[in-house]
Amino acid sequence: MINIEFDKIDFDSRLKVECPATVANMVCGFDILGMALNDPCDIVEMNLSKEPGIRILHADEFDLPTDPVKNVAGAALLDLLHACDKQVGIDITITKQIKPGSGLGSSAASSAGAVVAANILLGKPFSNLDLVRFAMAGEKVASGVKHADNIAPCIMGGVTLIRSIFPLDIIQLSAPMLYVAVVHPQIEVRTSDARQILRKEVLLKDAIRQWGNIAGLVTGLLQGDFDLIGRSLEDVIIEPVRSILIPGFDEVKRLSNEAGALGGGISGSGPSIFMLCRNHANAESIALIMREIYDKLGIDCKTYVTTLNERGVRVA
Ligand code: HSE
C-alpha cells in the first residue's frame, strides 16, 4: 500500500502526456514481444482533485465509455488507486488519435498514459512494473485478457520482452534504429474475436520453428543484425489463422518484401499491418505500395511512416 501525502500534491497542476501506438507480437512473439512507435499517439490530460472519483472526458469522435469500470483508462486508474492508502480524485481527458480496433495498441495507449500521468502527479510512488500491472486491468476490459505486450513498450519505450506475466518479468531489449511502414485498412478487428479464433493447441514442429524465430529476432535486435531480424519475422502459428480476417494481407506482405522491407506482419491482433525497414526512403515506398493495394481493393486505409519510439509515454 502506497502512502499518499496530500500536502505534497499540487492539485492545481494539469499534466499532458503523449502515449505512443505499439506493435504487439512483432510477428513471431505472440503476447511476449512489443515495440513502441513514434506515430500515431494518444493524448491524455489529467489533474488530481480532493473530490474522490474518476471523471473521464473524451475529446474525440469514438464515443468510448466514460464509466471508469468500463473504460480502459478508468479500470487502470481504479487498480492504481486501490494500491494507495488515501483516495484522491482524478479528472482525465483522453484524445485518441489511435483508432480503437486498429491493432496499434489503442487501449494500451489510454490505460498506460493514464497510469503514467497519475504516477507523475502523485510524485512517482510506483515503479514501471507497478504501472504495467495497473494498466493491464485496462487490457482485461478491452479484450478479456491481461496481456502486456502493448502496455510494456507503451510505458517503457523501445522493444520489450514479456518473459512472464505471473509474476511480471519484463526485459527491455536494445534495438537498432528501425523504420516502420504501417497500413491500417479501415475495417475493425476486435482483439477478443481475433483471440477467440486461435487454435488452443500447437504442433511441436510449429512450436520449434516459432522458438527459433523468437530467439533469432531477439538476437538480431540485440546485435543490430538486420538480415537476422528479417529472417526471423515469420509466424507459423498465429498469422495463418488471423490473416484471413485481413483483406490484402498476403499481397501487402509479398510486395513489401519484394520492395526491400526486412519483413513484418499483423500488428497486434490486426487489421493493421507493419513492415520493418532499414531506412526512411524504403519505409516511404512501402507505405505507397500498401496504399495502392487497398485503393485497388476499394478499402479506405491510413498509412504511417514512422520509427521505433525509445521513450514511451512522455510529458508533452
Ligand atoms: N498479443 C495480443 C494479441 C495483442 O495478439 O491478441 C493485442 O493487441
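Heads up: numbering here begins at 1 and tracks the sequence. Counting starts at 1 for both ligands and their atoms, following the listed order.
- Within the 4.0 Å heavy-atom criterion, the part of Asn25 lying near ligand 1 is the side chain and not the backbone.
- Within ligand 1, the atoms closer than 4.0 Å to a non-hydrogen atom of Ala24 are 4 (C), numbered from 1 in the order shown.
- Ligand 1 has no atom lying under 4.0 Å from any heavy atom of Glu139.
- Nearest to atom 6 (O) of ligand 1 among the protein's heavy atoms is Arg195 NH1, 2.7 Å.
- Aromatic ring pairs are classed by plane angle as parallel below 30°, tilted from 30° to 60° and perpendicular above 60°; the pair His280 and Tyr179 is perpendicular.
- In this structure, the protein non-hydrogen atom closest to atom 1 (N) of ligand 1 is Asp31 OD1, 2.5 Å.
- At a 4.0 Å heavy-atom cut-off, ligand 1 touches Asp149 through the side chain alone.
- Side-chain atoms of Gln210 come within 3.5 Å of backbone atoms of Val236 as a donor-acceptor pair (strictly under, hydrogens ignored).
- In terms of modelled atom types and a separation under 3.5 Å, the side chain of Thr306 and the main chain of Val180 share no donor-acceptor contact.
- Closest of all the heavy-atom pairs between Val69 and Ala75 is O-CB, 4.3 Å.
- Residue Asn150 places at least one N or O, backbone or side chain, under 3.5 Å from an N or O of ligand 1.
- An N or O contact shorter than 3.5 Å is missing between Thr191 and ligand 1 by distance.
- Glu258 has a carboxylate O that lies under 4.0 Å from a charged side-chain N of Arg254, or vice versa, which qualifies the two as a salt bridge.
- More than 12 non-hydrogen atoms from other residues, nucleotides or ligands lie less than 6.0 angstrom from NZ of Lys86.
- Under the ring pair (Phe, Tyr, Trp, His ring centres under 6.0 Å) criterion, Phe126 pairs with Phe134, not counting sequence neighbours.
- Heavy atoms of Met26 found under 4.0 angstrom from ligand 1: none, in either backbone or side chain.
- Cluster note: Phe62 groups with Leu64 through ILVMFWY side-chain heavy atoms spaced under 4.5 Å, whether in direct contact or through intervening members.
- Listed by atom number, the atoms of ligand 1 under 4.0 Å from Arg242 heavy atoms are 3 (C), 5 (O), 6 (O).
- Here is the list of ligand 1 atoms found below 4.0 Å of a heavy atom in Phe30: 3 (C), 5 (O), 6 (O).
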